[in-house]
Amino acid sequence: MPDRLPPLHRVIAALVGLVLLVALGSRARSPDPDTVRIGSVIRSARPVMGTLLEISIWAPTGSEPAAADAALQALLEVTALEKRISSWDSQSKTSEINLAAGAEAVAVGPALEELVSDSLDWARRTEGAFDFTGGPLFELWEQAREKEALPAESEIRARLQLVGYEKVQLRNGTIRLTVPGMKIGFGAVGKGFAADRVAQSLRSSGFPDFIIDVGGDLVIGGKRGDTPWNIAIRHPRRGSHLATIATTDCAITTSGDYERYFTVDDVRYSHIIDPRSGWPARGLTSVTVIAPRGIDADALTTAISVMGVDAGLNLVESIPDVEALMVEEDGSMHLSTGLQMAKGFLTRLQ
Ligand code: AMP
Ligand code: MG
């Protein structure tokens, strides 16, 4: 071997250096290690709000690095939002409001003001079937689920005294809970609200084509290239898909008793509670709502689970651009008029 060739260890060192450079270079272009590219779709995921937030962006060729940056930016915004609105985080504004219940009003930022304002609106429109002040009651039923034993009726009655959206004052950017012991929380709308915020963020970054999935609550923007996005709705009991919907620009949310429940004497108790009676909702196994915004779809799925088929359908039919699909415990299915007419879009309906 001619001695002009570099020794083997130098060749290896150079190769390792080259590989590292390539790796660092691609890392720099793709800032989030959880970002992957599937064809023309850039997908990023991160745990938020006790679930997984997944962002899929349709990125035309050449825009992939910018799409990955846009996804990361949106994920960071949602993480910051969660810190402010979560009732589980003792440092959040929501916890500050709950601690001040019965005492002073708390000044809040625009995001929380909007969330409370929208939540009050849905509480009024559903006559309290959706009620974000149900915290004391929901906690009681969480404990019941852990113990797999029903709470005492006297305890339910005591907690009901602390529930009621009409006991919330929202004034000039401040929120006050008027009764000591009251607790607000956004378990039923936080995911939809967060998805709306992600959608806003992606659009303002110049990416209007996306699917945002916050633990099954979807906000859909634009198209997948030339075709609408195809969305699968899961079957509440069978684990398979109930239907697929081809759609653009809307939110789709499903609530159901298959997610979190417990059973006592063969009766299934849902994690969705009727804030008026204090008892878990009965009758509907799954409710899917399609609406323009995530927060609306999310509030409505929870509310309709409480209201039942007839009142739920009446409400949906009275709101433009909102559709619903409901499945009862016996498996019977109900579609709002718009979905019945759009049966061509609903395939594999079982
Ligand atoms: P979702 O899965 O969107 O229906 O939200 C369910 C969660 O919202 C529960 O885990 C409770 O924390 C809370 N919740 C239960 N029932 C209601 C209700 N009637 N109104 C508002 N929030 C509720
Ligand atoms: Mg909901």
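Since we're looking at a predicted model, the values are computed, not measured. One-based numbering, in listed order, for ligands and for the atoms of each.
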Candidate pair I85 and M49, rule side-chain contact (heavy atoms from CB on, under 4.5 Å), full reasoning: CA-CA 10 Å; I85 68 170; M49 299 182 172; 3.8 Å; yes
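Side-chain atoms of K83 never come within 3.5 Å of backbone atoms of T79 as a donor-acceptor pair (strictly under, hydrogens ignored). Panel note: side chain E328, backbone L284; no donor-acceptor pair is recorded below 3.5 Å. In terms of modelled atom types and a separation under 3.5 Å, the side chain of D196 and the main chain of I295 share a donor-acceptor contact.
Residue contacts with ligand 1: I273 is included, with a non-hydrogen atom under 4.0 Å away.
No side-chain donor from either of T174 and N172 sits under 3.5 Å from a side-chain acceptor of the other. No donor-acceptor contact under 3.5 angstrom links the side chains of S86 and S92, judged on distance only. Side-chain contact annotation: E317 with S336, donor-acceptor N/O pair under 3.5 Å absent.
Here D217 does not reach the Mg ion (ligand 2): none of its N/O/S atoms is less than 2.8 Å from the metal. Within the coordination shell of the Mg ion (ligand 2), defined by N, O or S atoms under 2.8 Å, A188 is present. Distances from the Mg ion (ligand 2) show that T302 has an N/O/S atom below 2.8 Å.
Against a heavy-atom cut-off of under 4.0 Å, I272 is close to the following atoms of ligand 1: 4 (O), 15 (C), 16 (N). Near H271, meaning under 4.0 Å from one of its heavy atoms, ligand 1 places the atoms 2 (O), 6 (C), 9 (C), 10 (O), 15 (C). Which parts of ligand 1 touch D298 is read off a 4.0 Å heavy-atom cut-off, strictly below it: atoms 3 (O). For ligand 1 and F130, the ligand atoms under 4.0 Å from any heavy atom of the residue are 20 (N), 21 (C).
Across the listed options G187, P275, G192, S255, S255 owns the non-hydrogen atom lying nearest to atom 4 (O) of ligand 1.
The backbone of A129, and not its side chain, has at least one atom closer than 4.0 Å to an atom of ligand 1 (non-hydrogen atoms only; backbone = N, CA, C, O). Proximity of V306 to ligand 1, defined as any heavy-atom pair under 4.0 Å, is confined to the side chain (atoms from C-beta onward). At a heavy-atom distance under 4.0 Å, only side-chain atoms of F138, from C-beta outward, approach ligand 1.
Where the criterion is an N or O separation shorter than 3.5 Å, residue side chain and backbone included, T302 meets it with respect to ligand 1. Backbone and side-chain nitrogen or oxygen atoms of D131 are examined, and one is located within less than 3.5 angstrom of a nitrogen or oxygen of ligand 1.
Counting heavy atoms from C-beta on, the side chains of I231 and L218 come closer than 4.5 Å.
A cation-pi arrangement is present between R268 and Y261, with the terminal nitrogen or guanidinium carbon under 6.0 Å from the aromatic centre and inside a 45° cone about the axis.
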